[in-house]
Amino acid sequence: MNAQRLKQVFDRLSNHHGPLNWWPGDSGFEVMVGAILTQNTAWSNVEQAIANLKRAQALAPERILALPPEELGQLIRPSGYFNVKSKRLRSFCQWYLEQGGEAVLSAWDTGMLRTQLLSVNGVGPETADDILLYAFERPVFVVDAYTRRLFSRLGMVDGDEPYESLRASVEAVIGDDVPMLNELHAVIVIHGKDVCRPRPRCSDCVLLGECPTGQGLNRFPPATPRSS
DNA sequence: CTCCAGTAAT
DNA sequence: ATTACCGGAG
């Protein structure tokens with residue numbers, strides 16, 4: 001991972017899309033719930049699920065656990081996989097309360113907190129890092145599908161690197177700058193949703209000049225299956 | 001590798 | 001009607 005290249009990419013994306021000041025949410029706990037609900041799911045759907053939880057005054061760990069799992073499933077239904085996510089939310093809330101809540105968790109060092117988060121059923125590497133960075137403001141980089149797609153198209157990674165490997169190489173460049181790690185992941189997500197999509201909109205891209213996939217060098221022409 | 005599922009853009 | 005979605009577990 002070329003440090004200068006990564007910083008250059010960040011500057012361009014940040015100047016164009018930012019500042020974003022993520023993650024949207026009125027509390028740390030809301031961020032954690034959102035991180036679980038947004039797994040492989042559009043954020044617009046998660047917003048509806050969170051709105052339902054708020055309307056039912058259920059956006060608190062005790063309240064979520066007090067709900068019959070079936071009712072919880074109906075509340076979060078718009079976010080998809082509602083049976084799976086109902087169970088995952090419950091597992092998370094049970095762990096959260098068992099450990100003593102946010103005050104206790106905030107006192108743990110990042111390595112400890114990450115290991116414990118990963119022990120919860122339904123919390124994998126990306127969700128754990130979302131929570132670490134955006135709820136606990138810890139210096140970690142979140143690797144997601146957008147990151148792999150963007151870095152891969154830019155020729156910065158091979159594409160099949162392990163999660164931890166990619167995370168470590170970015171953190172090695174950015175360091176423990178939490179605001180920058182926050183903004184970096186945020187702009188990658190926005191760029192991935194709006195510009196560097198599965199069918200990239202290269203004409204709208206601020207990285208066009210330095211992207212081997214883009215029209216600059218005209219390699220790997222964007223897949224245009226049939227119609228366009 | 002397959003399943004999990006509703007929602008919105010295309 | 002198809003595609004894609006801020007993944008993770010079995």
Side-chain angles (χ1 to χ4, degrees), chain A residues 10 13-14 17-18 20-25 28 30-53 69-95 114-136 138 140-153 159-164 166-167 170 181-201 203-204 222-228:
Chain A
F10 170 69
L13 292 180
S14 185
H17 298 288
L20 297 170
N21 294 108
W22 268 19
W23 178 304
E30 183 176 330
V31 171
M32 302 180 213
V33 169
I36 291 171
L37 294 182
T38 200
Q39 289 168 357
N40 201 37
T41 298
W43 180 251
S44 58
N45 292 7
V46 178
E47 288 182 310
Q48 299 179 45
I50 289 181
N52 287 345
L53 289 173
E70 201 275 331
E71 272 185 46
L72 177 59
Q74 284 309 113
L75 289 173
I76 66 172
R77 193 165 184 264
S79 67
Y81 308 116
F82 57 87
N83 286 316
V84 175
K85 287 175 178 175
S86 174
K87 184 174 298 181
R88 289 181 182 178
L89 268 187
R90 292 178 57 82
S91 297
F92 179 77
C93 289
Q94 185 167 4
W95 168 83
R114 190 168 200 275
T115 299
Q116 291 302 309
L117 281 167
L118 289 174
S119 75
V120 180
N121 182 282
V123 178
E126 185 182 336
T127 303
D129 290 333
D130 274 333
I131 292 173
L132 285 168
L133 178 59
Y134 293 106
F136 291 99
R138 301 306 176 86
V140 301
F141 176 68
V142 180
V143 179
D144 61 5
Y146 293 132
T147 305
R148 290 183 181 283
R149 188 165 68 205
L150 176 65
F151 286 2
S152 176
R153 283 175 174 166
D160 57 343
E161 301 177 12
Y163 183 98
E164 292 304 328
L166 189 46
R167 181 171 78 89
V170 171
L181 289 164
N182 178 316
E183 187 75 354
L184 176 58
H185 175 64
V187 294
I188 287 174
V189 170
I190 298 304
H191 192 68
K193 288 168 61 74
D194 297 342
V195 184
C196 202
R197 299 157 52 131
R199 297 187 191 187
R201 298 185 173 180
S203 59
D204 297 334
T224 315
R226 276 185 311 282
S227 63
S228 174

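No hydrogens, no waters, no symmetry mates; every other heavy atom, side chains included, goes into these values. Letters A, B, ... are given to chains in the order of the sequence lines, protein chains preceding strands, and every chain is numbered from 1. These numbers come from a predicted model, not from an experiment.
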Requested in this report: Just do the side-chain contact (heavy atoms from CB on, under 4.5 Å) check on A/Asp194 and A/Asp204 with the steps written out, would you?
Outcome: CA-CA 9 Å; A/Asp194 297 342; A/Asp204 297 334; over 6 Å; no
Regarding [X], tell me which of base, sugar-phosphate or nothing describes its non-hydrogen contacts under 4.0 Å with the strands shown.
X        : answer
A/Lys193 : sugar-phosphate
A/Val84  : sugar-phosphate
A/Arg197 : sugar-phosphate

Report task. Begin with the C-alpha distance, continue with both residues' side-chain angles, and end with the deciding distance and a verdict on side-chain contact (heavy atoms from CB on, under 4.5 Å) for A/Phe92 and A/Leu117. Result -> CA-CA 8 Å; A/Phe92 179 77; A/Leu117 281 167; 3.9 Å; yes
Within this structure, what is the [atom1]-to-[atom2] distance between [X] and [N], rounded to whole angstrom?
X        : N     : atom1 : atom2 : answer
A/Leu89  : C/dG7 : CG    : C1'   : 14 Å
A/Phe92  : C/dG8 : CZ    : P     : 13 Å
A/Arg149 : C/dG7 : CZ    : P     : 10 Å
A/Asn83  : C/dG8 : CG    : P     : 19 Å
A/His185 : C/dG7 : NE2   : C1'   : 12 Å
A/Glu126 : C/dA9 : CD    : P     : 12 Å

Report summary line: Here the residues of residues 114-125 of chain A within 4.0 Å heavy-atom distance, strictly under, of DNA chain C are A/Val120, A/Asn121, A/Gly122, A/Val123, A/Gly124, A/Pro125
For the backbone of [Y] and the side chain of [X], can you confirm whether one donor and one acceptor N or O come within less than 3.5 Å of each other?
X        : Y        : answer
A/Ser119 : A/Gln116 : yes
A/Arg167 : A/Asp129 : no
A/Asn52  : A/Leu75  : yes
A/Glu183 : A/Ser14  : no
A/Lys85  : A/Ser79  : yes

Query raised in the report: Between A/Arg114 and A/Glu164, is there a salt bridge with N-O shorter than 4.0 Å?
Result: yes
Query raised in the report: Can you tell me how far C1' in B/dA5 sits from the matching atom in C/dT2, rounded to whole Å?
Result: 16 Å
Report summary line: What one should report as the nearest heavy-atom pair of A/Val142 and A/Tyr134 is CG2-CE1, 4.3 Å
Requested in this report: Please list, in 5' to 3' order, the outermost nucleotides of DNA chain B lying under 4.0 Å from any heavy atom of chain A.
Outcome: B/dC4 to B/dT10
Report task. Would you please say whether a donor-acceptor pair under 3.5 Å links the side chains of A/Gln39 and A/Arg88? Result -> yes
Query - Test item: side-chain donor near acceptor, A/Thr147 and A/Asp144, under 3.5 Å - result: yes
Report task. Check each residue of residues 32-50 of chain A for a non-hydrogen atom within less than 4.0 Å of any atom in DNA chain B, then write out the ones that pass by number, or none. Result -> A/Asn40, A/Asn45, A/Gln48
